[in-house]
2 protein chains.
Amino acid sequence: MLTKEELEEYSAEAIEIYLDHISIDCVVFGFHEGQMKVLMLKSKNEDGWQLPGGFVQKREPIDVAANRILATRTGIDEVFLQQFHVFGAPDRNRQHNEMYADMVAKEKNFFAHRFISIGYYALVDFFDAIPTPDEFSEICTWRDLNDLPPFLLDHELIFTTALDTLRLQLSYQPIGYNLMPKEFTMPELQKLYETILGKKLDRRNFQRRMLGFGILNKLPQTRKGGAHKAPYLYSFDLENYQAALKEGLKSGW
Amino acid sequence: MLTKEELEEYSAEAIEIYLDHISIDCVVFGFHEGQMKVLMLKSKNEDGWQLPGGFVQKREPIDVAANRILATRTGIDEVFLQQFHVFGAPDRNRQHNEMYADMVAKEKNFFAHRFISIGYYALVDFFDAIPTPDEFSEICTWRDLNDLPPFLLDHELIFTTALDTLRLQLSYQPIGYNLMPKEFTMPELQKLYETILGKKLDRRNFQRRMLGFGILNKLPQTRKGGAHKAPYLYSFDLENYQAALKEGLKSGW
DNA sequence: TCAAAAGTGTTTTGGTTACACCCATGC
DNA sequence: GCATGGGTGTAACCAAAACACTTTTGA
């Protein structure tokens, strides 16, 4: 539990260094053991979980702020990170919560102000990230997409909007470089796509399509040790991958 | 030209009713005589043009704010209006401009603060809109996409981002209901698409595809008066149109 | 040796592209 | 009547979907 003193101190500091009324929330996706994961934080003062978030420093570009917030929660930097929506309902603040509203006078309590939040979503390598709680949270950890805890505020809306966006992106952008390890097999990559889309894909058509994009390098090695036939390993061709990110994978009209 | 007194008055009022650090800019597209148009404002104090914009009231949802701003500039309400990007560079403010920076002390001058701007784009019927300047502008008018004046601030970036978004949307969403008059011919609708995309489309394939979407009603009348064969008139099937907006026009994967 | 996973191919199909022909109207 | 724009149909093409066969490996 945060004390009144701690909250006052955090608030006074925040007012000094951050822009008022603007926050950033990140939906951080990871992939592990065939399951899609989201990074979440268990609040100290409130009974629920939330997405990693933060504020924008007074002279900081918003993309830099999002990167900083993500780096603080995971230790990783320079990953796929993209704004996807702004959440600006007037009641998306913490005034309803006694802890935030009553402990410190509302005007003086930065965190009880109204915040318009810019939603970012990130794709990161599960093993690269070291989940790290912030001052307001007791736990920071990966949660399975199929087993999500109750959300605080409008964070469920932010999460579902991010997932919808990710699914859309999948149709016209390559995705995977930031979610997969350096080397991976085609079935592993397929599993990622199936997990994001929530449905099965044809093994052979998937492979042909993926290879058709020209963003994969087939490595001479195979992944041994598993039962059954050993699958080939692949890595992303970063140059072509970046190009595909810009160009898109297919054109309409 | 605005006087110092006017600016002070506007600023004091703005501080009272608006959220600090958050602005909204609208890219309003219209279509007239086969040309794509954007609504723009000629600044009183600065030598350049800008997009219609404004701020968010302290307890107002951002979508409502965008609608209000659009309605104030055009007199129309309830049109297609969608946020598409947030512009958050730290130097996107008016501190460089003597008028805004020197005339009134920076802290007291709301308009010289740093603003993070939420970009919205709108599609409106050219004839429904009555362009109306705001306090800071001497002119509010439609400008042709092929003949754009110099932009202030980062409004050129906002505009081009909006146009890119519109072109993308075209691939998987129906567009036209808000840009065309109630009744229109197929060649007229095609002209809209060609103008947005900046390229010619095949007459027959366009017609087939459009009809295939099932969002058009073919009316018994034809448009007489023009030279050559009289084309049929169409209207949008609003119900199917709305459904298509939600579902999208084509699916990937 | 057999089940299960992986590699590689072919057929089918549906949508898009390209193109041809006919009709109406004003000059 | 003829140039121009508009309505309608069809062949060609291509990419995605559906499907079959072979290979490898551990149990």
Side-chain angles (χ1 to χ4, degrees), chain A residues 33-34 167-168 170-174 176 180 183-195 197-235 244 247-253, chain B residues 33-34 167 170-174 176 180 183-195 197 199-235 244 247-253:
Chain A
E33 289 181 346
R167 285 180 176 157
L168 250 179
L170 214 56
S171 303
Y172 58 93
Q173 285 207 331
M180 301 297 288
E183 302 184 347
F184 51 89
T185 68
M186 195 61 80
E188 287 165 357
L189 183 61
Q190 180 177 345
K191 187 82 190 172
L192 170 66
Y193 273 72
E194 289 179 336
T195 308
L197 292 168
K199 64 177 173 185
K200 290 280 172 200
L201 299 172
D202 184 279
R203 192 166 56 87
R204 297 147 285 191
N205 293 335
F206 178 83
Q207 176 148 351
R208 183 186 8 246
R209 183 158 173 177
M210 268 297 150
L211 292 176
F213 293 154
I215 57 173
L216 292 179
N217 294 321
K218 187 172 188 171
L219 305 177
Q221 311 94 299
T222 54
R223 166 147 304 166
K224 291 171 185 167
H228 321 303
K229 182 168 182 176
Y232 284 101
L233 286 170
Y234 292 86
S235 66
E247 298 296 320
L249 290 178
K250 49 172 156 184
S251 59
W253 296 94
Chain B
E33 290 182 344
R167 284 180 175 156
L170 214 55
S171 303
Y172 58 93
Q173 284 204 333
M180 302 296 287
E183 302 184 345
F184 50 89
T185 67
M186 195 61 82
E188 286 165 358
L189 183 62
Q190 180 176 345
K191 187 81 189 174
L192 169 67
Y193 272 73
E194 289 179 341
T195 308
L197 292 167
K199 65 177 171 185
K200 290 279 171 201
L201 299 172
D202 184 281
R203 192 165 56 86
R204 298 147 285 191
N205 294 334
F206 178 82
Q207 176 147 349
R208 181 184 7 225
R209 182 181 322 205
M210 268 297 150
L211 292 176
F213 293 154
I215 58 174
L216 292 179
N217 294 321
K218 186 172 187 172
L219 305 177
Q221 312 93 297
T222 55
R223 166 147 303 166
K224 291 171 182 165
H228 321 304
K229 182 168 182 174
Y232 283 102
L233 287 172
Y234 291 86
S235 66
E247 299 296 320
L249 289 179
K250 48 173 157 184
S251 59
W253 296 95

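Lettering follows sequence order; numbering is per chain, from 1. All of these numbers come straight from a predicted model, not from anything done at the bench.
A straight line from CZ of B:Arg209 to P of D:dT8 spans 19 Å, rounded to a whole angstrom. Following rounding to the nearest Å, B:His228 (NE2) and D:dA3 (P) show an atom-to-atom distance of 13 Å. Separating the OH atom of B:Tyr232 from the P atom of C:dT25 is a distance of 11 Å, rounded to the nearest angstrom. Rounded to whole Å, atom C1' of D:dA17 lies 8 Å from atom CG of A:Asp202. Note: CD (B:Gln190) to P (D:dT8) measures 14 Å, nearest angstrom. As a whole-Å value, the separation of B:Lys229 NZ from D:dC2 P is 20 Å. Spacing between atom NZ of B:Lys200 and atom C1' of D:dG5 amounts to 13 Å, rounded to whole angstrom units. As rounded to whole Å, 6 Å separates atom C1' of D:dA17 from atom CG of A:Asn205.
The side chain of A:Arg203 sits closest to C:dG7 out of C:dG7, D:dT4, D:dG7.
The base of D:dA17 has none of its N or O atoms less than 3.5 Å from a complementary donor or acceptor on the side chain of A:Arg204.
With a 4.5 Å cut-off on side-chain heavy atoms, A:Leu211 and A:Met186 count as touching. Looking at A:Leu233 and A:Thr185, their side chains come closer than 4.5 Å, going by heavy atoms from C-beta outward. Within the 4.5 Å cutoff, side-chain heavy atoms of A:Tyr193 are placed close to those of A:Met210. Looking at A:Leu192 and A:Thr195, their side chains never come closer than 4.5 Å, going by heavy atoms from C-beta outward. Under the 4.5 Å side-chain criterion, counting only non-hydrogen atoms from C-beta, B:Glu188 is not in contact with B:Tyr234.
An OP1 or OP2 oxygen of D:dT8 is reached within less than 4.0 angstrom by a side-chain nitrogen or oxygen of B:Gln207. Between B:Lys218 and D:dT8 there is a side-chain N or O to OP1 or OP2 distance below 4.0 Å. When the side-chain nitrogen and oxygen atoms of B:Lys224 are compared with OP1 and OP2 of D:dG5, none of them lie within a distance under 4.0 Å.
Ranked by how close their nearest DNA chain C nucleotide is to the 5' end, A:Arg208 and A:Pro231 are led by A:Pro231.
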